[in-house]
Structures are given as C-alpha cells and as structure tokens.
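Here the structure is laid out as structure tokens; the discussion comes afterwards.
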Amino acid sequence: MDTFNESLGLKIPGHVAVILDGNGRWAKKRHLPRTMGHVQGSKVVEDMLYIVDELGVKYFTVYAFSTENWKRSTEEVSTLMGILRTYLKDCVKKSMKNNVRCRVIGRKDELSQDIIDSINNLEEKTKNNTGLNFTIAINYGGRDEITRAVRKIAGKVSEGSLKPEDIDEDTISNNLDTWELPDPDLLIRTSGEQRLSNYLCWQLAYTEFYFTDIYWPDFDREELIKAFEKYNKTERRFGGVKEE
C-alpha cells in the first residue's frame, strides 16, 4: 500500500524491487577490476536501506545473485560469494539496530553450508523486527521459483490434500518464495537495460517499471526520488478501464 510523504509531496510505493545492474561496467569505466564494482554496489545497497526506510517504503527487495550468475568467471563468482558472506554477517547487527526484518529468497540448498547457516541466522534473529522488510534474492530465478512452486502443488495433489479444480492464483502465490510479501508496486532497473532477466516473473504482473541509465554504484537518493516521481505520474488500473 502506498504511503504519502508530505515533505516530498509524493506517494511512496509500498514495495520497491530492484535489479542491481551495472556494477561491472561502473568498474570498467574507472579502469578497475569488475570485482570492485560489486564491492561498491554492496555499499549502495546498505545506504539505500536507510534511504527507503526514511522515505516510507515498507518492503525493499533486491536481486543480488541469479541462477544464471554461476556462468560468470570463477574469480567474479568467488568475489560475489565473499561479499555475500561478509554482508550477511554484518547485516544481523545493523538490522537489529534499525528494526529491519530480513528474508532471503532463491535456491538456498545450492549455496555453501556456511552461507546457508548465515542466512538462517539472519532470518531467525530478525524475524520479530517490525520495521522495513528487506528481501535479498540469492541464487534466484523467477522460472525456477515457479517450477518449484508447481512441484509443491503437484505433491499436494498427489497426496490428496489438494484438488486440481481448487488450484487458483492464490494457490500459486502461496507456494512461491515470496508468499509472505505483497507484489512489488515499483521495479527499478539500473544501467540502461530494459528487461526482467528472470526476476519475480509472477509477482511483477502489474508492477510499474522505472529504467535508468545510471549504474547501480552511482544510484542515490536523488535518483530514487526521480523513480518515485515517475511512479506518481502513472495511474495504476490493474487491467481495469479508467472511468470517465
């Protein structure tokens, strides 16, 4: 649900999802290793948590590592996992201090055990926090998520606890990784790309999109407000027709 920020005079989307794109190109532009772009990008995520909370966002979901990202170089994947390890541990203390509820979505079972343990610890420690809901998509793919949901539903049908004719959209939504979350109101993608890249395929059906040429490590409060300004100019009809 949107909230109104009086100081900005803007409706603030309740759930903002982000595709963090352009870390490597940001580094290349500065003649730095791609890995440095990811380091800077993780710092921007941290800064953005304070900013979205201050502005009135209730849910903030970021695409940190996709199921396809394993195809990148061994060095880059190793760096990303290292950043993730550090971030997950640091996130516990900061989230408790700032009342942030943290969740991780994606194929956790394919991650290293120490990362799985850190995820479980982060989710357990922050589960009763009542402030910003922060979700990190790690080893996540939208099609994979839907496939896993279908398997869960098929299992319930097979065991007799669910009839095929009773399956509806809510059934599918309730078996997705995001079952506790409302669908995003606004999707932001940085770096100039204009595609979903297998991110939240089901959940983004009626989401408003904001694309910017700015690389994620350069994304800031000013650019976020630009996204909100564009969001405010859109009349969300959810498939309906505007009444004259």
Side-chain angles (χ1 to χ4, degrees), residues 17-24 26-27 32-50 52-53 59-149 151-152 175-181 190 197-200 203 216-217 219:
V18 185
I19 298 177
L20 319 172
D21 201 8
N23 291 339
W26 178 90
L32 298 170
R34 283 178 58 87
T35 53
M36 290 303 297
H38 296 305
V39 171
Q40 181 61 28
S42 68
K43 293 178 181 177
V44 174
V45 171
E46 193 170 304
D47 292 341
M48 202 52 55
L49 287 177
Y50 294 104
V52 297
D53 191 25
Y59 295 84
F60 187 62
T61 302
V62 300
Y63 203 8
F65 191 89
S66 76
T67 50
E68 291 74 33
N69 285 159
W70 296 108
K71 299 174 185 177
R72 297 187 178 185
S73 70
T74 302
E75 179 187 8
E76 187 170 355
V77 170
S78 178
T79 298
L80 285 167
M81 289 298 114
I83 292 171
L84 181 60
R85 284 182 169 92
T86 301
Y87 188 84
L88 289 170
K89 291 177 181 177
D90 291 346
C91 200
V92 176
K93 183 177 180 180
K94 293 175 181 176
S95 296
M96 294 306 295
K97 179 181 178 181
N98 295 290
N99 195 29
V100 176
R101 167 79 184 274
C102 298
R103 298 176 178 84
V104 174
I105 59 174
R107 293 288 296 265
K108 301 176 189 175
D109 59 304
E110 295 182 347
L111 299 170
S112 299
Q113 187 58 51
D114 66 306
I115 293 179
I116 295 173
D117 292 342
S118 291
I119 289 172
N120 291 339
N121 181 57
L122 175 63
E123 293 184 327
E124 177 63 26
K125 290 285 181 61
T126 66
K127 68 180 182 181
N128 294 319
N129 289 349
T130 57
L132 177 69
N133 285 267
F134 177 43
T135 303
I136 314 170
I138 302 173
N139 194 26
Y140 173 88
R143 289 184 174 184
D144 174 73
E145 178 189 30
I146 294 171
T147 300
R148 288 186 284 110
R151 286 175 183 160
K152 290 179 190 175
N175 282 278
L176 295 173
D177 295 351
T178 55
W179 64 275
E180 292 182 293
L181 309 175
T190 54
S197 295
N198 201 18
Y199 184 47
L200 301 175
Q203 298 88 338
W216 177 249
F219 195 84

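Treat the numbers as computed from the prediction; the structure is a model and nothing was measured.
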Q.
When you measure from the side chain of Asp53 to the backbone of Tyr50, do you find a donor-acceptor pair of N or O atoms at a distance under 3.5 Å?
A. no
Q: Grab the two heavy atoms, one from Arg72 and one from Val77, that are nearest each other, plus how far apart they are.
A: O-CG2, 3.8 Å
Q | Asn23 side chain near Arg34 side chain, heavy-atom distance below 4.5 Å | A | no
Q | Side chain Ser73, main chain Glu76, donor-acceptor under 3.5 Å | A | yes
Q. So how far is it from Trp70 CH2 to Leu80 CG, rounded to the nearest 0.5 Å?
A. 9.5 Å
**Q.** Residue pair Val44, Leu20: steps toward the side chain to side chain contact (heavy atoms under 4.5 Å, CB included) verdict
**A.** CA-CA 10 Å; Val44 174; Leu20 319 172; over 6 Å; no
**Q.** Separation of Ile146 CD1 from Asn198 CG (nearest 0.5 Å)
**A.** 8.5 Å
Q | Residues Asp144 and Arg148 bridged, charged N to O under 4.0 Å | A | yes
Q: Apply side chain to side chain contact (heavy atoms under 4.5 Å, CB included) to Thr67 and Arg143, showing your working.
A: CA-CA 10 Å; Thr67 50; Arg143 289 184 174 184; over 6 Å; no
**Q.** From CA spacing to verdict: side chain to side chain contact (heavy atoms under 4.5 Å, CB included), Val45, Phe134
**A.** CA-CA 11 Å; Val45 171; Phe134 177 43; 3.9 Å; yes
Q | CZ/Arg85: more than 12 non-hydrogen atoms of other groups inside 6.0 Å | A | yes
Q | For the student: nearest non-hydrogen atoms of Tyr63 and Gly141, plus distance | A | OH-CA, 4.4 Å
Q) Is the number of heavy atoms from other residues, nucleotides or ligands under 6.0 Å of Met81 CE greater than 12? A) yes
Q | Side-chain heavy atoms of Ile136 within contact of Tyr87, under 4.5 Å | A | yes
Q. Are the side chains of Asn99 and Thr130 in touch, meaning some heavy atoms are under 4.5 Å apart?
A. yes
**Q.** Side-chain (Asp177) to main-chain (Gly106) donor-acceptor, under 3.5 angstrom
**A.** yes
Q.
Side chains of Cys91 and Cys102, heavy atoms from C-beta outward: is any pair under 4.5 Å?
A. yes
Q | Closest contact, heavy atoms only, Val18 versus Tyr199 | A | O-OH, 3.5 Å
**Q.** Partner of Glu123 under salt bridge (Lys or Arg N to Asp or Glu O under 4.0 Å), chosen from Arg103, Lys108, Arg101
**A.** Lys108
Q.
What I want to find out is whether Lys43 reaches Glu46 closely enough, with some N-O distance under 4.0 Å, to be called a salt bridge.
A. no
Q.
As an exercise, state the distance from CD of Glu75 to OG1 of Thr35, rounded to the nearest 0.5 Å.
A. 6.0 Å
Q. Side chains of Phe65 and Leu84: does their closest heavy-atom pair fall under 4.5 Å?
A. no
Q.
Within the structure provided, determine whether Leu200 and Ile105 are in side-chain contact (heavy-atom separation under 4.5 Å).
A. yes
Q) Given the rule in the side chain to side chain contact (heavy atoms under 4.5 Å, CB included) test, do Ile83 and Val39 qualify, once you have shown the distances and angles that lead to the verdict? A) CA-CA 7 Å; Ile83 292 171; Val39 171; 3.8 Å; yes
Q) Is there side-chain contact between Leu32 and Trp26, with heavy atoms separated by less than 4.5 Å? A) yes
Q: Compare every heavy atom of Ser95 with every heavy atom of Thr126, then report the nearest pair and how far apart it is.
A: CG2-CB, 3.8 Å
Q. How close do Val52 and Leu49 get, heavy atom to heavy atom, and via which atoms?
A. CG2-O, 3.5 Å
Q. More than 12 heavy atoms of other residues, nucleotides or ligands under 6.0 Å from CD of Glu68: is that the case?
A. yes
Q) Below 4.5 Å, heavy atoms only, C-beta onward: do Leu88 and Ile119 meet side chain to side chain? A) yes
Q. Rounded to the nearest 0.5 Å, what separation is found between the CD1 atom of Ile115 and the CD atom of Glu110?
A. 12.5 Å
Q) Can you tell me how far OH of Tyr140 sits from OG1 of Thr61, rounded to the nearest 0.5 angstrom? A) 9.5 Å
Q. Between CG of Asp117 and CG of Leu111, what distance do you get to the nearest 0.5 Å?
A. 11.0 Å
Q. Side chains of Lys125 and Asn121: do they bring a donor and an acceptor to under 3.5 Å?
A. yes
(Q) Quick check against the 3.5 Å criterion: does Asn129 have a side-chain atom that pairs as donor or acceptor with the backbone of Val100? (A) yes
